[in-house]
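Everything quoted here is computed from the prediction, not taken from an experiment.
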Amino acid sequence: MHLIDVTNSYRELVHSQLNTTNVNYVKVYSLGNTSVIYTESDDAIEIVLENHNRRVRKEEIDFIIERLIKEEAPAYTLISDKNQRVMEIHFDK
């Protein structure tokens, strides 16, 4: 799997997140057909994975956590939509 930084292609999304929420850091990545939005605030980190074609796979979630969260066995909350095409991973700081 390859994680590609595509933040520059989503300037409006980044600008909107920074101006309308308490988030102070936003990055957007591509993981093939899955989009990954990483946001960080003073008290939490949220990562949203979205795939319009299929369910988000457990392997993708594990890969993203391993690559973007630099601690071993982090505690997190996983929230998904009914079809599991949008997954939100929430980490408290």
Open item on the list: According to side chain to side chain donor-acceptor pair (under 3.5 Å), who are the partners of Tyr38, at least two apart in sequence or on a separate chain?
Closed with: Glu40
- [ ] Considering only NZ, NE, NH1 and NH2 on the basic side and carboxylate oxygens on the acidic side, decide whether Asp62 and Lys58 come within less than 4.0 Å.
- [x] yes
Open item on the list: Does atom CZ (Phe91) have a neighbourhood of more than 12 heavy atoms from anything else shown, all under 6.0 Å?
Closed with: yes
Open item on the list: Return the NZ to CD1 distance between Lys93 and Ile45, rounded to the nearest 0.5 Å.
Closed with: 5.0 Å
Open item on the list: Testing Arg85, Arg67, Arg54, Arg55 one by one against Glu60 for a salt bridge (Lys or Arg N to Asp or Glu O under 4.0 Å), which residue passes?
Closed with: Arg54
Open item on the list: Applying the side chain to side chain contact (heavy atoms under 4.5 Å, CB included) criterion to Val36, which one of Val28, Val6, Ile47 satisfies it?
Closed with: Ile47
Open item on the list: I'd like to know whether NE2 of His15 has more than 12 heavy-atom contacts from other residues, nucleotides or ligands below 6.0 angstrom.
Closed with: no
Open item on the list: Are Val23 and Tyr10 connected into the same hydrophobic cluster when the rule is that any two of I, L, V, M, F, W, Y join if their side-chain heavy atoms are below 4.5 Å apart?
Closed with: yes
Task: Gap separating the CG atom of Leu31 from the CG atom of Asn51, nearest 0.5 angstrom - done: 9.0 Å
Task: Rounded distance (nearest 0.5 Å) linking atom CD1 of Ile64 with atom CE of Met1 - done: 8.5 Å
Open item on the list: Give me the atom names and distance for the closest heavy-atom approach of Ala44 to His90.
Closed with: CB-CE1, 3.5 Å
Open item on the list: Please determine whether side chain to side chain contact (heavy atoms under 4.5 Å, CB included) holds for the pair Thr7 and Val26, giving the CA-CA distance in whole Å, both sets of side-chain angles, and the decisive distance to 0.1 Å.
Closed with: CA-CA 8 Å; Thr7 305; Val26 178; 5.8 Å; no
